[in-house]
There are 2 protein chains.
Amino acid sequence: MTSEERGERPPPSRRIADQLRAAIQDGDLRPGGRLPSERELAEAHGTARNTAREAIRILAEEGLVDRRHGSGVFVRERRRALRFGAERYSRRLREKTGLSPYRAELAKQGLLPRVDCVSIQRVVAPTEIAERLRLPVGTPDVVRRENWYYASDGASEHPVQVGVTYVPWPIAEGTPLADSANLGKGSLYARFEERGHRITRSREEVTARMPSHEEARGLNLPTGVPVLEVLHTGIDQAGHPFEVTRFVMRADLAALDYDMAVEETDD
Amino acid sequence: MTSEERGERPPPSRRIADQLRAAIQDGDLRPGGRLPSERELAEAHGTARNTAREAIRILAEEGLVDRRHGSGVFVRERRRALRFGAERYSRRLREKTGLSPYRAELAKQGLLPRVDCVSIQRVVAPTEIAERLRLPVGTPDVVRRENWYYASDGASEHPVQVGVTYVPWPIAEGTPLADSANLGKGSLYARFEERGHRITRSREEVTARMPSHEEARGLNLPTGVPVLEVLHTGIDQAGHPFEVTRFVMRADLAALDYDMAVEETDD
DNA sequence: TAGTGGTCTAGACCACCAT
DNA sequence: TGGTGGTCTAGACCACTAT
């Protein structure tokens, strides 16, 4: 039981945070608007600066405000414009638009996409990946392709997500999958089809967590923003998994959208 | 560009945090294990206690450690045992097990479920809900049912998720949906079928964010744990939406699992 | 009761941003 | 250059947990 639940007065830092939070939620402080400075808050409440600072920190952890060194503290604007759904793997969509699903979604939002293939390596599959690819023991080799996805509004560009794709070596061998950043017309899934693997089912395991230290730096994440982690498994017409991709995406910019038939489950 | 990226030495609080993080990731500090106290860390690094405390705070925000007032700081154990998938709406599964999907999933994990229907009200639908139910203007009334879901390992019980279901008033009127906490055999979807709405498609919009102040308290969430928010729309055999549920779940305990056909999209 | 984290004070200097 | 947040010090007292 917390002090608040017992009806006691919360400590000053909490009370200042509560008051600012209410002002944000009531619209007295508008998105993009600036909060009073730490020194102003401290004086207004008759506390030390550290106490006002603690209040700001509480709000930052909740993802409600952005702190900008040298400028001030601002009410965060909630966007979450990008929605990624299962149709991103649809051949029909691929053939119709000629765009990769990431590019198609950004185009819909009037944003400029950029995808950067930062590495292609032949590695031993991590356990989690090997399980999902049902790799036979003794043949653990996969191609690991790491892609970074950016969005630009014309003025500035932000990283949105990272995707790491694992392909069993026997499937990738001798194809652009094994060594080319540019996969050519139709991209990834067109190349899989040429190897006899047409994506028929998609399994997606979704979790959320706070970013690791490295992810927070790489994705340029403000405090109080979690990441969505999606472990995608592509399954072909024969029911065999042929690729696994782990996406890590900024949860403040991206959302997932699934539309599914319900009675189709066969267990 | 941060000071670290310029090759400068990070400030003492960061360096202490980096060192502890490495110890956790290398396994020198095991899950459940206790970190040195703030006073010990401060002395060991020749800093003020507040500086050591700041280091601990950085790790807490990353979700790596739990702080327990009066006891110490402990390496968080990662569980995430519960997986919720689209098959939870399957009639076949419902009829086979006789269990609600939540109860079935917890039983699989050897946990004891408890579901508490805390309120049933007739309200005006929030915009977001009205849009998804395609409510005609002028008939905005819905039944709002709020359920809390708990899991118990026999010793202690934790809240896992909250689900708020909205049903158009004309569908709920005169049925247990409108006023009964106990929905009877087959629960929610059996009642919908009796009203002529068989769930055929499910749309799920998934996001993640830090919990609100109230959610953090209600779900008893430790710092550094985000929530998954799922906006589920049930669609019947005629293609009409008939219920919307917003789930908010602890991301450290729950995950989502989707298995879908790919080429079925009809746009 | 001893040790822990939670909160606070009243300063200080630094790094960053806008003017 | 003046104002902002970022970090730090060297204390202090309180609230909580375990023994």
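Numbers restart at 1 for each chain; the letters A, B, ... are given by sequence-line order, proteins then strands.
- Between the side chain of A/Gln121 and the backbone N or O of A/Arg144, no donor-acceptor pair lies under 3.5 Å.
- Between A/Ser71 and the phosphate of C/dC16, there is no side-chain N or O to OP1/OP2 separation shorter than 4.0 Å.
- A/His69 qualifies as a stacking partner of the C/dA15 base, centre to centre under 5.5 Å and near-parallel within 30°.
- Within the 3.5 Å criterion, the main-chain N or O of A/His213 finds no donor-acceptor partner in the side chain of A/Arg217.
- Rounded to whole Å, atom C1' of D/dC16 lies 13 Å from atom CZ of B/Phe74.
- Both tests hold for A/Arg68 against A/Phe74: distance to the six-membered ring centre under 6.0 Å, angle to the ring axis within 45°.
- For B/Glu43, the CD atom sits in a loose shell: 12 or fewer heavy atoms of surrounding residues, nucleotides or ligands are nearer than 6.0 Å.
- Look at B/Glu105 and B/Lys108 and you find a salt bridge, because one of the NZ, NE, NH1 or NH2 atoms lies within 4.0 Å of a carboxylate O, short of that distance.
- Listed pair A/Ser37 / D/dG3 fails the phosphate criterion, with no side-chain N or O lying under 4.0 Å from OP1 or OP2.
- The CZ atom of B/Arg67 sits 22 Å away from the P atom of C/dG3 (whole-angstrom rounding).
- Atoms CZ (A/Arg34) and P (D/dG3) sit 12 Å apart, rounded to a whole Å.
- By the neighbour-count criterion of 12 heavy atoms within 6.0 Å, atom CD of A/Gln109 is densely surrounded, having more than that number from other residues, nucleotides or ligands.
- Between B/Arg39 atom CZ and C/dG5 atom C1' the separation is 7 Å, expressed in whole Å.
- By the 30° and 60° cut-offs, the orientation of the rings of A/Tyr102 relative to A/Phe84 is parallel.
- Contact between the side-chain N/O atoms of A/Arg68 and the OP1/OP2 oxygens of D/dG6 is not found at any separation under 4.0 Å.
- A straight line from CD of B/Glu38 to P of D/dT9 spans 14 Å, rounded to a whole angstrom.
- Considering only the side chain of A/Pro11, C/dT7 comes nearest among D/dC13, C/dT7, D/dT7.
- At whole-Å resolution of the value, CG in A/Asp18 and C1' in C/dT7 are 15 Å apart.
- A heavy atom lying under 4.0 Å from DNA chain C marks the following residues of residues 43-65 of chain B, by number: B/Arg49, B/Asn50, B/Arg53.
- One interatomic measurement links the two molecules: CG of B/Asp66 to C1' of C/dG6, which rounds to 16 Å at whole-angstrom precision.
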